[in-house]
Amino acid sequence: MTMAAVAAHFGRDVERTLAKLPGIFAQARERGVDLLVLPDATIGGYLGDLRHPGGEESDLPPAVALDGPEIAAVIALAGDMTVCVGLSERSHIAGETVRFNTAVCVDGDGVLGVHRKVHLPLGESEAYRAGETFEAFDTPVGRMGMLIDFDKTFPEAARTLALDGAEVIACLSAWPASVTDRSDRMRNDRQAHLFDLYDCARAAENQVYLVSSNQTGVLGGLRFLGQAKVVDPAGEIVAKTWAKGGLAIAEADVHAAVARARRSLDHIHQRAEHAYRLTTRA
């Protein structure tokens, strides 16, 4: 199949985003893309300040429902493509209205999978409730799973998806340059280095494809990195946008490539579970 990771800027104006998406979908369709991975916070934009996102509703990205018209519009655009898109989700739990930072996977027939971001960095917990699970799901392009930016920092997250049968992991990000240790040059930025490092490590250690999208441009006090990419099961970057907007596109026989990578050294089935500590020492 052909996989594409998107690097693009999406702000708070939902209508403007929905008007922008058809052009991206058309470009992907012209290139024969089967799996299109858009960034985190595509619909509604991301937070403007990670440390102090603001307590007022007006300071936060607009939140939408999974069964609302915004996701319906993405489903209508998807057609025969499998599409992952990020948003600020409005949900009702036990009579309370809550927000999640959410990734949704769809095709033209409807919703295929949903992931709510589990790991919330810095002040993000002031804006969102944390998700609780990592689960793979079946799609027309095979079994896959999703992560949302900071989730990929934790090896256990991607490993859980691989153990659940995912051969492709889509990682949707709104990953900015460092906000605590700013660098004049992007190539020297600590977060730019970690963004690529985590992508390659998560793919290689699980011997899966990782399709990593990201926002570009500036929102509030955050400057996003771009660097969308496709990484193969050996941890090699096979397509990348660098800092500019665009599509990182790669074609592969995913199932065959994963099987080939695991033929001699199978990281999933050669684990020694009895030797691992899963909790911190008291």
Side-chain angles (χ1 to χ4, degrees), residues 1-6 33-40 42 66 71 74-75 78 80-87 89 91 100-119 130-173 198-213 229-235 250 252-263 265-271 273 276 278:
M1 70 168 168
T2 301
M3 300 165 278
V6 178
V33 169
D34 302 296
L35 172 63
L36 179 68
V37 180
L38 292 152
D40 178 32
T42 291
L66 296 184
I71 295 301
V74 177
I75 290 171
D80 58 357
M81 282 194 297
T82 299
V83 178
C84 300
V85 61
L87 58 117
E89 177 196 352
S91 184
F100 293 97
N101 189 344
T102 299
V104 183
C105 183
V106 307
D107 67 2
D109 292 328
V111 174
L112 300 168
V114 175
H115 171 62
R116 290 166 168 169
K117 186 176 179 180
V118 172
H119 301 97
E132 297 180 348
T133 61
F134 296 97
E135 296 179 345
F137 50 91
D138 293 318
T139 77
V141 296
R143 192 159 178 82
M144 61 179 291
M146 295 186 291
L147 303 173
I148 300 176
D149 48 38
F150 195 52
D151 284 335
K152 74 179 177 183
T153 303
F154 301 86
E156 299 87 349
R159 175 55 53 87
T160 298
L161 295 174
L163 289 172
D164 201 18
E167 293 188 334
V168 174
I169 295 176
C171 187
L172 294 72
S173 292
Y198 293 144
D199 284 339
C200 295
R202 298 297 87 89
E205 66 197 7
N206 293 295
Q207 297 169 305
V208 298
Y209 277 91
L210 191 140
V211 186
S212 176
S213 60
K229 67 181 72 64
V230 179
V231 186
D232 73 11
D253 183 334
V254 170
H255 185 71
V258 170
R260 185 167 56 251
R262 296 175 179 175
R263 185 174 298 144
L265 299 175
D266 186 335
H267 301 168
I268 296 299
H269 294 100
Q270 293 173 345
R271 290 170 303 119
E273 294 184 16
Y276 308 142
L278 299 180

Side-chain heavy-atom pair M1, V168 within 4.5 angstrom cut-off: yes
Tell me if a side-chain donor or acceptor on R202 pairs with a main-chain N or O of K152 at a distance below 3.5 Å. yes
Donor-acceptor pair between D199 and S212 side chains, under 3.5 angstrom: yes
Take atom CD in Q270; do more than 12 heavy atoms of anything else shown fall under 6.0 Å from it? yes
Backbone of G86 reached by a side-chain donor or acceptor of D40 within 3.5 Å: no
Would you check if the side chain of Q207 reaches a backbone N or O of H267 as a donor-acceptor pair within less than 3.5 Å? yes
Using distance alone, with no hydrogens and no angle criterion, decide if R159 and N206 have a side-chain donor and acceptor under 3.5 Å apart. yes
For a 4.5 angstrom cut-off between non-hydrogen side-chain atoms, does V6 reach V37? no
Can you confirm whether the side chains of H255 and E167 place a donor and an acceptor under 3.5 Å from each other? yes
Are the side chain of R262 and the backbone N or O of A259 linked by a donor-acceptor pair below 3.5 Å? no
Less than 4.0 Å between a side-chain N and a carboxylate O, is that true for D164 and R143? yes
To the nearest 0.5 Å, what is the distance between CG (L161) and CG (L147)? 5.5 Å
Do the side chains of V211 and M144 get nearer than 4.5 Å, heavy atoms only? no
May I ask you to decide if V141's main-chain N or O and T139's side chain share a donor-acceptor pair within less than 3.5 Å? yes
Kindly say whether T102 contributes a backbone atom to a donor-acceptor pair with the side chain of E89 at under 3.5 angstrom? no
Assign the ring pair F154 / H119 to parallel, tilted or perpendicular, where the plane angle (0 to 90°) is split at 30° and 60°. parallel
Is there side-chain contact between V85 and P39, with at least one heavy-atom pair below 4.5 Å? no
Quick one: does I169's side chain get under 4.5 Å of Y209's, heavy atoms only? no
Under 3.5 Å, side chain of S213 to main-chain N/O of L38, donor-acceptor pair present? yes
